[in-house]
Amino acid sequence: MDIQLLNRVDADVVKTVFRNVDGSGSVTTGFGVCLVAAGASINGVAAVKSTAATWRGFVGVSESDVAINAYGTAIIHGYAGSVQLSNVGSSLTVTRGDTLIPSAVAGTFFSSLTSEAISTLLYKFSYSATTPVALSALADSYVAAVIRAI
């Protein structure tokens, strides 16, 4: 785990290492990652792309592209400059401050949850720090976000 030393210029950021064991491919920059919670891969490092089904193991957002069986770092607390949104098959609006949750596309996020329903995510969540360009059915987008996975 990498914890940034206190300073007055940058926001606090906490990072952790993970190993991509997701058999469906690379974990892309900005994808959510979850620790494996079943099977022989449980070791506190093995991770897959986040989905609603794996959310209890959510540890953060990948800082870089990570190939299968390679190691990478994830931001588990603090500001992430790149978080992948999904259009989830339709047009939607994500604005600054919206809570982001796992979408139907593994590793990506979208917003459809009220702040009051955060308990359904086990209090592990992220929220958008910027408003993306219009998100249509034809395109995905990135936003900056604040991650709260601890």
Side-chain angles (χ1 to χ4, degrees), residues 1-4 11-130 132 135 137-150:
M1 185 174 295
D2 179 19
I3 301 175
Q4 173 183 296
D12 293 335
V13 177
V14 180
K15 302 173 186 178
T16 193
V17 68
F18 71 93
R19 179 175 177 225
N20 177 14
V21 297
D22 195 314
S24 66
S26 296
V27 171
T28 304
T29 302
F31 271 24
V33 292
C34 295
L35 293 178
V36 173
S41 295
I42 297 176
N43 62 7
V45 177
V48 295
K49 292 175 225 154
S50 63
T51 64
T54 62
W55 193 255
R56 70 179 176 171
F58 178 66
V59 291
V61 173
S62 180
E63 282 195 300
S64 62
D65 294 349
V66 182
I68 296 174
N69 292 320
Y71 290 85
T73 56
I75 297 172
I76 62 176
H77 179 87
Y79 182 83
S82 185
V83 173
Q84 174 79 49
L85 297 178
S86 174
N87 61 35
V88 296
S90 63
S91 297
L92 60 97
T93 302
V94 175
T95 57
R96 181 180 291 126
D98 284 354
T99 303
L100 303 175
I101 63 173
S103 80
V105 178
T108 64
F109 298 85
F110 78 110
S111 178
S112 71
L113 186 71
T114 63
S115 298
E116 294 78 23
I118 282 293
S119 64
T120 63
L121 296 176
L122 307 173
Y123 297 96
K124 295 179 177 185
F125 64 97
S126 59
Y127 59 90
S128 178
T130 57
L135 197 57
L138 302 175
D140 291 342
S141 184
Y142 285 90
V143 293
V146 177
I147 310 301
R148 299 286 185 239
I150 326 180

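Small disclaimer: the values here were computed from a predicted structure and weren't measured. Any value given below was found using the heavy atoms of this structure, including those in side chains, with hydrogens, waters and symmetry copies removed.
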**OP:** Scan Val48, Val66, Val36, Thr73 and name whichever one has a side-chain contact (heavy atoms from CB on, under 4.5 Å) with Phe18.
**Re:** Val66
Shortest non-hydrogen separation from [X] to [Y] and the atoms involved:
X: Ser62; Y: Ser64; value: OG-O, 2.6 Å
X: Thr130; Y: Ala144; value: OG1-N, 3.1 Å
X: Arg56; Y: Ala37; value: NH2-CB, 3.6 Å
X: Thr108; Y: Leu85; value: CB-C, 4.2 Å
X: Ile76; Y: Ile147; value: O-CG2, 3.8 Å
X: Phe109; Y: Ser50; value: CZ-OG, 4.4 Å

**OP:** Rounded to the nearest 0.5 Å, what's the gap from CG on Leu35 to CZ on Phe58? Could you check?
**Re:** 10.5 Å
Subject >> Val143 vs Leu100, side chain to side chain contact (heavy atoms under 4.5 Å, CB included): CA-CA, chis, key distance, verdict >> reply: CA-CA 10 Å; Val143 293; Leu100 303 175; 4.2 Å; yes
Is the side chain of [X] donor-acceptor paired with the backbone N or O of [Y] at a distance under 3.5 Å, no angle test?
X: Arg19; Y: Ala70; result: no
X: Thr51; Y: Thr54; result: yes
X: Asn20; Y: Gly25; result: yes

Original post:
Yes or no on side chain to side chain contact (heavy atoms under 4.5 Å, CB included) for Ile68 and Asp22, after CA distance, side-chain angles and deciding distance?
Top reply: CA-CA 7 Å; Ile68 296 174; Asp22 195 314; 6.0 Å; no
